[in-house]
Amino acid sequence: RAQKKYGASVDIWAIGVCLFEMMTLQPFDYNSYVHSQNYLQSKFVPIKKEYKSIFFELIQNCLSIDPTKRPLPSVIVKWIKSAATKHELD
């Protein structure tokens, strides 16, 4: 029987890291993220306020330390679709 090494929650974490790096233009620093609630928000590149709040919340949820609190892929897709409709993201 093969052991399961990781589940979907690891992939959600990876999505969060990728989004973080795209939104901050900096490499993700696990230690700084874990030790500072303001780290993520302070590193964001200058973008429109409404986009910042959308992505901040999404990234924060994807990077939850507790894997059971990370969103499911279907929730992420709904979240992005809703944001795109609400804010007319291009």
Side-chain angles (χ1 to χ4, degrees):
R1 182 170 95 152
Q3 286 186 332
K4 186 175 182 179
K5 295 185 180 185
Y6 64 87
S9 65
V10 172
D11 296 332
I12 300 302
W13 176 271
I15 289 169
V17 170
C18 290
L19 288 172
F20 174 90
E21 291 183 348
M22 287 189 291
M23 295 304 296
T24 64
L25 303 177
Q26 296 188 22
F28 180 75
D29 180 351
Y30 176 80
N31 290 322
S32 293
Y33 178 78
V34 170
H35 296 297
S36 172
Q37 292 294 330
N38 297 322
Y39 179 75
L40 176 59
Q41 199 162 20
S42 70
K43 297 292 184 183
F44 263 60
V45 294
I47 58 173
K48 290 184 179 181
K49 186 178 179 178
E50 60 270 19
Y51 300 157
K52 185 175 182 176
S53 64
I54 293 165
F55 286 103
F56 176 78
E57 189 176 351
L58 176 58
I59 293 167
Q60 195 172 36
N61 281 286
C62 288
L63 295 177
S64 174
I65 301 301
D66 181 351
T68 64
K69 293 185 178 179
R70 295 179 198 152
L72 296 171
S74 59
V75 172
I76 294 173
V77 170
K78 287 179 186 176
W79 198 330
I80 292 171
K81 283 182 179 179
S82 174
T85 302
K86 184 175 180 183
H87 296 287
E88 298 179 9
L89 296 175
D90 295 321

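All residue numbers refer to positions in the sequence shown, counting from 1. Below, all heavy atoms of this structure are taken into account, side chains as well, without hydrogens, waters or symmetry copies.
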**Student:** Do Glu57 and Trp79 have side chains that approach each other closer than 4.5 Å (heavy atoms only, starting at C-beta)?
**Tutor:**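 Glu57 reaches Trp79 side chain to side chain.
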**Student:** Just by distance, do the side chain of Thr24 and the backbone of Phe20 share a donor-acceptor pair under 3.5 Å?
**Tutor:**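 Confirmed, Thr24 side chain pairs with Phe20 backbone.
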**Student:** Among residues at least two apart in sequence or on other chains, which ones pass side chain to side chain contact (heavy atoms under 4.5 Å, CB included) with Leu25?
**Tutor:**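 Result, side chain to side chain contact (heavy atoms under 4.5 Å, CB included) vs Leu25: Val45.
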**Student:** Taking a hydrophobic cluster as the set of Ile, Leu, Val, Met, Phe, Trp and Tyr residues connected by side-chain heavy atoms closer than 4.5 Å, whether directly or through intermediates, do Leu72 and Val77 fall within one such cluster?
**Tutor:**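 In one cluster: no.
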**Student:** Please name the pair of heavy atoms, one in Glu21 and one in Gln26, separated by the smallest distance, quoted to 0.1 Å.
**Tutor:**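 Glu21 and Gln26 have their closest heavy atoms at CG-O, 3.3 Å.
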**Student:** May I ask you to decide if the ring planes of Trp13 and Tyr30 are parallel, tilted or perpendicular, using 30° and 60° as cut-offs?
**Tutor:**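 Geometry flag for Tyr30 against Trp13: tilted rings.
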**Student:** Enter the distance from Ile15:CD1 to Ile76:CD1 here, rounded to the nearest 0.5 Å.
**Tutor:**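 It comes to 4.5 Å.
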**Student:** Apply side chain to side chain contact (heavy atoms under 4.5 Å, CB included) to Asp11 and list each qualifying residue two or more places apart in sequence or on a separate chain.
**Tutor:**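 Testing Asp11 for side chain to side chain contact (heavy atoms under 4.5 Å, CB included), a comparison that skips the adjacent residues, returns Tyr6.
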**Student:** With a 4.5 Å cut-off on side-chain heavy-atom distances among I, L, V, M, F, W and Y, is there a chain of contacts connecting Leu63 to Ile80?
**Tutor:**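 Shared cluster, yes.
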**Student:** Please report the shortest heavy-atom distance between Pro67 and Ser9, naming the atom on each side.
**Tutor:**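 Of all heavy-atom pairs spanning Pro67 and Ser9, the closest is CB-OG, 3.5 Å.
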**Student:** Of all residues at least two apart in sequence or in a different chain, which pass the side-chain hydrogen bond (donor to acceptor under 3.5 Å, both in side chains) check with Asp29?
**Tutor:**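 With sequence neighbours excluded, Asp29 shows a side-chain hydrogen bond (donor to acceptor under 3.5 Å, both in side chains) to Ser32, given in chain and number order.
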**Student:** Only counting residues at least two apart or in another chain, list the ones meeting side chain to side chain contact (heavy atoms under 4.5 Å, CB included) with Pro73.
**Tutor:**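 Side chain to side chain contact (heavy atoms under 4.5 Å, CB included) check on Pro73 returns Ile12.
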**Student:** What side chain to side chain donor-acceptor pair (under 3.5 Å) pairs are there with at least one residue in residues 62-72, not counting sequence neighbours?
**Tutor:**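 Pairs touching residues 62-72 that pass the test: Asp66-Thr68.
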